[in-house]
Asks: 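There's a structure below that I have some questions on.
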Amino acid sequence: MMGTVWHFAPGVIPVALAAEEAVTAPAPRVDVPAGAKLETAVFAGGCYWGVEGVFSHVKGVRRVESGFAGGPSNRKVDYDMVSNGDTGFAEAVRVSYDPRQVSYGTLMRVFFSVIADPTALNYQGPDHGTQYRSALFPLTAGQTAAASAYLTQLGQSGLWRRKVVTKVERFSGFQLAGSDHQNFMANNPRHPYILRWDAPKLAAFKQRFPQYYSPKWAS
């Protein structure tokens, strides 16, 4: 992310650097029944810029916010603190969505298809450390059941050569990142990091799941 040191000339991006390979994850066998009110889901999947960027284009998603989850509930943190990798927090996003239009299971399917590699332990792309781990933070019993079942389903799917290591973690609260990290992909489409690591994720989402793609950005 911002702390990444790039060792190539301006405008030149090595071919060796590539975003996570997109897959088409299976539809979840266990999902959360649709309710009439907006629901919230929390995901950690590496740098939150791209996670937020993709989820912001999912039909039925009303709002996506970047922040931190997974650490002690009584500790206040910011980007610099979490970047040290010793707080227990992970970069995460909070997604507000209409379950009548998109389910929690569909959000997980998109997440593991084009956003996060569930076999990468404590890293995604160029970002390494526990703060970049992939994790699901269920907020309800229904989400917990669906998340646990889906990770088992993915592990049996044969989509990846390595073992699925993404965990379901206890939700202890969500802390917003600074305003300069919100809507980062929308506000900085030509940023080198966005072009290399996150734009391909959004393109893969649009290509693989056109039925879920919205050209408008969620707020």
Side-chain angles (χ1 to χ4, degrees), residues 1-27 41 43-61 64-66 83 90-95 97 102 106-129 131-136 150 154 157-162 164-166 177 180-218:
M1 291 178 62
M2 286 187 171
T4 302
V5 178
W6 301 92
H7 298 288
F8 48 86
V12 177
I13 301 176
V15 176
L17 293 180
E20 289 82 3
E21 182 179 357
V23 301
T24 301
F43 299 83
C47 171
Y48 43 36
W49 294 344
V51 186
E52 179 194 65
V54 174
F55 276 139
S56 292
H57 282 282
V58 176
K59 290 180 180 178
V61 168
V64 188
E65 299 167 292
S66 291
S83 293
E91 292 197 9
V93 301
R94 181 167 61 189
V95 181
Y97 65 98
V102 62
T106 296
L107 293 176
M108 290 194 296
R109 187 184 188 194
V110 170
F111 181 70
F112 289 115
S113 293
V114 301
I115 296 177
D117 178 353
T119 71
L121 181 62
N122 295 329
Y123 75 92
Q124 291 289 319
D127 303 310
H128 290 246
Q131 70 271 35
Y132 297 114
R133 67 188 183 273
S134 60
L136 301 175
Y150 197 51
L154 292 182
S157 68
L159 283 174
W160 299 275
R161 296 179 181 177
R162 297 178 298 180
V164 169
V165 296
T166 299
D180 54 329
H181 288 277
Q182 306 300 331
N183 302 310
F184 191 90
M185 191 174 180
N187 294 332
N188 301 274
R190 305 304 299 174
H191 191 285
Y193 187 100
I194 295 296
L195 290 173
R196 172 46 53 191
W197 301 104
D198 296 333
K201 296 179 181 181
L202 183 56
F205 169 52
K206 182 178 180 180
Q207 179 184 28
R208 289 174 181 266
F209 299 104
Q211 70 273 33
Y212 302 138
Y213 177 80
S214 170
K216 297 182 180 180
W217 291 86

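Residues take their numbers from the sequence shown, with the count starting at 1. Being a predicted model, the structure only gives us computed values, none of them experimental.
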Asks: Hey, is the main chain of Ala25 close enough, under 3.5 Å, to the side chain of Arg109 for a donor-acceptor pair?
Replies: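 Answer holds: yes.
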Asks: Can you sort out the partners of Arg161 under salt bridge (charged side-chain N to carboxylate O under 4.0 Å, His left out), two or more places apart, ordered by chain and number?
Replies: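 Expected list: none.
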Asks: Please name all residues satisfying side chain to side chain donor-acceptor pair (under 3.5 Å) with Thr106, sequence neighbours left out, ordered by chain then number.
Replies: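 Once residues adjacent in sequence are excluded, the partners of Thr106 under the side chain to side chain donor-acceptor pair (under 3.5 Å) criterion are Ser103.
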Asks: How many angstroms lie between CE in Met108 and CG in Leu154, if you round to the nearest 0.5 Å?
Replies: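 If I round to the nearest 0.5 Å, the distance is 8.0 Å.
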Asks: Throw together a table of side-chain donor-acceptor distances under 3.5 angstrom for residues 204-214, partners on residues two or more places apart or in other chains.
Replies:
residue	atom	partner	partner atom	Å
Arg208	NH1	Thr24	OG1	2.7
Arg208	NH2	Ala22	O	3.3
Ser214	OG	Lys216	N	3.3

Asks: Can you find a pair of side-chain heavy atoms, one from Ile115 and one from Ser134, that are under 4.5 Å apart?
Replies: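 Counting from C-beta outward, Ile115 and Ser134 never come under 4.5 Å.
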Asks: CZ of Phe55 to NZ of Lys201: how many Å apart, nearest 0.5 Å?
Replies: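 Phe55 atom CZ to Lys201 atom NZ measures 11.0 Å (nearest 0.5 Å).
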Asks: Under the side chain to side chain donor-acceptor pair (under 3.5 Å) test, which residues partner Gln182, sequence neighbours left out?
Replies: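 In terms of side chain to side chain donor-acceptor pair (under 3.5 Å), with neighbours along the sequence ignored, Gln182 is linked to no residue.
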Asks: Does Trp217 have any ring-ring contact (aromatic ring centres under 6.0 Å, His included) partners at least two apart in sequence or in another chain, and if so, which?
Replies: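 Testing Trp217 for ring-ring contact (aromatic ring centres under 6.0 Å, His included), a comparison that skips the adjacent residues, returns His57.
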Asks: Describe, in one word, how the ring planes of Tyr123 and His128 are oriented to each other, choosing from parallel (under 30°), tilted (30 to 60°) and perpendicular (over 60°).
Replies: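 Parallel: the ring planes of Tyr123 and His128 meet at under 30°.
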Asks: What's the separation between atom CG in Asn183 and atom CG in Asn187, rounded to the nearest 0.5 Å?
Replies: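 Reported to 0.5 Å precision, the distance equals 5.5 Å.
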Asks: Would you say Tyr97 and Leu107 make side-chain contact, with heavy atoms under 4.5 Å?
Replies: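 Counting from C-beta outward, Tyr97 and Leu107 do come under 4.5 Å.
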Asks: Please verify the inter-ring angle class for Phe112 with Tyr150; under 30° counts as parallel, over 60° as perpendicular, anything in between as tilted.
Replies: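 Correct class here is tilted.
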Asks: If we only count heavy atoms from C-beta on, is the Leu202 to Met185 side-chain gap below 4.5 Å?
Replies: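 In contact.
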Asks: Do the side chains of Cys47 and Trp197 get nearer than 4.5 Å, heavy atoms only?
Replies: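 No, every pair of side-chain atoms sits at 4.5 Å or beyond.
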Asks: Any donor and acceptor pair, going by atom type alone, linking the side chain of Gln124 with main-chain N or O of Tyr132 inside 3.5 Å?
Replies: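 Answer holds: no.
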Asks: In the structure I gave you, are the side-chain heavy atoms of Asn188 and Tyr193 within less than 4.5 Å of one another anywhere?
Replies: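 Side chain of Asn188 against side chain of Tyr193, heavy atoms only: no contact under 4.5 Å found.
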Asks: Can you name the residues that form a ring-ring contact (aromatic ring centres under 6.0 Å, His included) with Phe111, not counting sequence neighbours?
Replies: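 Partners of Phe111 by the ring-ring contact (aromatic ring centres under 6.0 Å, His included) criterion, ordered by chain and then number, come out as Phe43.
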